[in-house]
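Presented below is the structure to which this report refers.
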Amino acid sequence: MLNTEPNLAAPDDFYEALLAIHQDLTPEQARIVDARLILLLSNHIGDMAVLRQAMERARQGITPAGQDATITIRA
Amino acid sequence: MHIDYQSLRFEYRRSPDQSAAQLAHHPVVVVGAGPVGLATAIDLAQSGLRVLLLDDDRCLSNGSRAICFAKRTLEIFDRLGCGDRMVEKGVTWNLGRVFHRDDPVYSFNLLPEGGHRRPAFINLQQYYVEGFLLDRAGALPEIEIRWNNKVAALGPREDGVELTVETPEGEYRILAEYVVAADGARSPIRKAMGLESKGRSFRDRFLIADVRMKADFPAERWFWFDPPFHPNQSVLLHSQPDNIWRIDFQLGWDADPEEERKPERVIPRVRALLGKDAAFELEWVSVYTFSCLRMARFRHGRVIFAGDAAHGVSPFGARGANSGIQDAENIAWKLALVLRGEAPETLLDSYDSERVAAADENILNSTRSTDFITPKNESSRAFRDAVLDLAKDCAFARRLVNSGRLSLPSTYCGSPLNTLDADRFEGLMVPGAPALDAPLRDGDWLLRRLGGGFTLLHFGAASPVMPESETALRVVNITPEDDAEGLAATRYDARPGTTYLIRPDQHVCARWRRFDPEAVRAALRRATGRG
Ligand SMILES: Cc1cc2nc3c(=O)[nH]c(=O)nc-3n(C[C@H](O)[C@H](O)[C@H](O)COP(=O)(O)OP(=O)(O)OC[C@H]3O[C@@H](n4cnc5c(N)ncnc54)[C@H](O)[C@@H]3O)c2cc1C
């Protein structure tokens, strides 16, 4: 079960640290850092059900406006 | 004796069917003498059926196509009587290594335990595989092969399918009770029937080069992400017999396939990998785009689709020909029973459900690998790069690196042919699973003892006596002395009395803690579509 109740002892410290690792990064560099962070945290959590809940919440309210580079085919 | 299977040309011969007053009648016509059609024909012939195999061409496959043949495929080839030749000629390998830039990041052993007759993989050019299958087919009088016989049209009838066949001497017609369409990815039969195979294609191009050279790379699968000799793209290296090496260079979507095929473009790429003084010759070069797709259903009445005609995958994972060979053995025993009147025609629907599920498993694995190798958007690229970076010092990330999850046979979990367990068992040999091999006394092997046909595999001091059943059933008893290393008992979680019912394609369909002829009879009825 994904815990969405307060769980961080010092929320402001956490938030500052999160911004600090992105300081002066280009969007591309920031994307790399975020990707690494998500992977590290996901492995730490380990529980697939929790991860799926978090993924679902993260994706909420976003309507895709881009397109993946795959092509539907019929042969 | 060395045979250059690539350059063999087979003779077109006129068949009496072409001038017959009445439509010649054939129980099974297999269309396409690729690996899948050949394997299907051999399997059918081994169960005593007369098979007509038609191919529109008069040669075997050439160039860079399949090279990696998996353990299960080799076990099937053993049953088809040509496994030894394949393994003797092939390059045996079990180990895969993945590099990021210059650094090893991950390696996997596909057969970490001993006690198996066959290795995880051999590499062998597709033309050898087809050549050895063809030689085996030639030894079976039940098989007739007609080269330069192209199926041009087909029409369903009450009692069969009427095929129109084109030859250098014009058209003729025949009637087939059943047709196995193993006519490849472009499947003219699929088109003629107004059917389609649907899926997705990846925006990427791959240069596949077969290079002849003396080199001392080990017999392993080597895969590089972003190596210094081919920056930002991936490279795959495999060893093949006759000093041929397969090198796949990822090129990206914008590459020009015509230009990239030219030796002046290919040679520098190969040099970059091998060193500037390397001596080599280009054997074959092609540029591919890959797709994952399948037909909605594989059985359409009396026409059954198998191999690339029914489904397609990207080659990372070597799941194309390997899964097609499993289609072949799945359909062969079922068709044989139906044609002999020993099973209802609805048994063929289980081919559809079992092999559609298997195709989905292969497509899933192959799509995941391709999504890793060819990221489909900015985020997938960022995660891929992050995984490769973390893999240097974080063990968890190595398991996420996906350069191909290599072909494994499917377990037919939900198959209607299975009898659910009533007794408790541990381990992998659940109903639907492909039977595992194990070493037996005097250099024998469990799968060799099982052979084909329905088999009752019993563990105990004495063989049980099975009363006559409607379907032929052999009993194979494994005594503790036979199972000298105890591996058979371990792999099958067997105790004295443990009994397995094994299908002709060596998949488990039922098991019990003790032999009960009535239970066996009921399971056999179920496994033949009569229960
Ligand atoms: C670069 C590359 C690498 C690959 N690597 C691997 C690998 O390592 N391992 C693996 O398992 N798979 C691999 N594959 C896939 C593998 O090559 C195919 O899955 C396999 O050839 C499919 O066999 P098939 O018998 O279904 O079809 P095919 O081999 O395509 O044979 C079809 C046959 O039907 C004949 N035919 C077509 N139309 C008609 C007609 N109208 N009448 C009569 N005959 C007809 C054709 O002439 C042909 O002989 C690879 C593929 C590629 C392209």
Side-chain angles (χ1 to χ4, degrees), chain A residues 1-4 7-9 13-75, chain B residues 183-188 190-191 194-205 252-254 289-296 305 308-312 314 363 367 370-371 374-401:
Chain A
M1 187 57 188
L2 179 69
N3 183 4
T4 53
N7 194 31
L8 295 161
D13 290 351
F14 157 75
Y15 199 76
E16 184 195 344
L18 185 63
L19 293 195
I21 61 165
H22 292 84
Q23 197 179 339
D24 294 331
L25 301 189
T26 64
E28 291 72 32
Q29 289 175 315
R31 204 202 289 272
I32 295 172
V33 172
D34 289 341
R36 290 181 191 170
L37 188 62
I38 291 168
L39 292 169
L40 287 161
L41 295 176
S42 297
N43 180 62
H44 185 87
I45 293 164
D47 182 335
M48 193 62 198
V50 171
L51 291 170
R52 281 195 200 281
Q53 283 177 335
M55 288 180 196
E56 206 178 302
R57 177 62 191 85
R59 181 61 164 66
Q60 222 173 62
I62 296 181
T63 313
Q67 194 164 28
D68 280 1
T70 57
I71 306 153
T72 304
I73 50 162
R74 287 157 181 270
Chain B
D183 53 346
R186 293 201 183 87
S187 182
R190 192 177 66 213
K191 287 213 182 73
L195 301 168
E196 55 182 18
S197 194
K198 279 191 277 188
R200 61 189 182 113
S201 201
F202 303 91
R203 280 164 65 96
D204 206 344
R205 296 185 205 281
W253 183 238
D254 296 331
T289 291
F290 297 126
S291 318
C292 286
L293 71 175
R294 73 161 167 89
M295 296 176 71
F305 291 85
D308 278 10
H311 45 74
S314 81
I363 288 172
T367 302
T370 313
D371 282 344
T374 300
K376 57 188 169 184
N377 58 36
E378 293 290 315
S379 295
S380 23
R381 176 171 296 277
F383 280 116
R384 198 277 303 273
D385 292 346
V387 165
L388 290 170
D389 173 79
L390 293 172
K392 282 190 295 218
D393 56 335
C394 303
F396 85 90
R398 285 171 216 146
R399 305 259 311 257
L400 298 175
V401 173

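By convention in this document, chain letters (A, B, ...) are assigned in the order of the sequence lines, proteins followed by strands, and residues within each chain are numbered from 1.
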Give me the atom names and distance for the closest heavy-atom approach of [X] to [Y].
X: Ala382(B); Y: Ala35(A); value: O-CB, 3.7 Å
X: Phe383(B); Y: Leu39(A); value: O-CD1, 4.0 Å
X: Arg200(B); Y: Thr70(A); value: NH1-CG2, 2.7 Å

Portion of Leu40(A) that has a non-hydrogen atom of chain B nearer than 4.5 angstrom: both
Given that the side chain runs from C-beta out, which part of Arg190(B) has a heavy atom under 4.5 Å from chain A: side chain, backbone, both or neither? side chain
Please state whether the side chain, the backbone, both or neither of Ser380(B) comes within less than 4.5 Å of a heavy atom of chain A. neither
Which of Arg384(B), Glu196(B), Arg381(B) touches chain A most, by non-hydrogen pairs under 4.5 Å: Glu196(B)
Could you walk me through whether Ile32(A) and Asp385(B) satisfy the side-chain contact (heavy atoms from CB on, under 4.5 Å) test, starting with their C-alpha distance in whole Å, then the side-chain angles of each, then the deciding distance to 0.1 Å, before giving a yes or no? CA-CA 8 Å; Ile32(A) 295 172; Asp385(B) 292 346; 5.8 Å; no
The reported gap from CG in Leu390(B) to CG in Leu37(A) (rounded to nearest 0.5 angstrom) is 10.0 Å
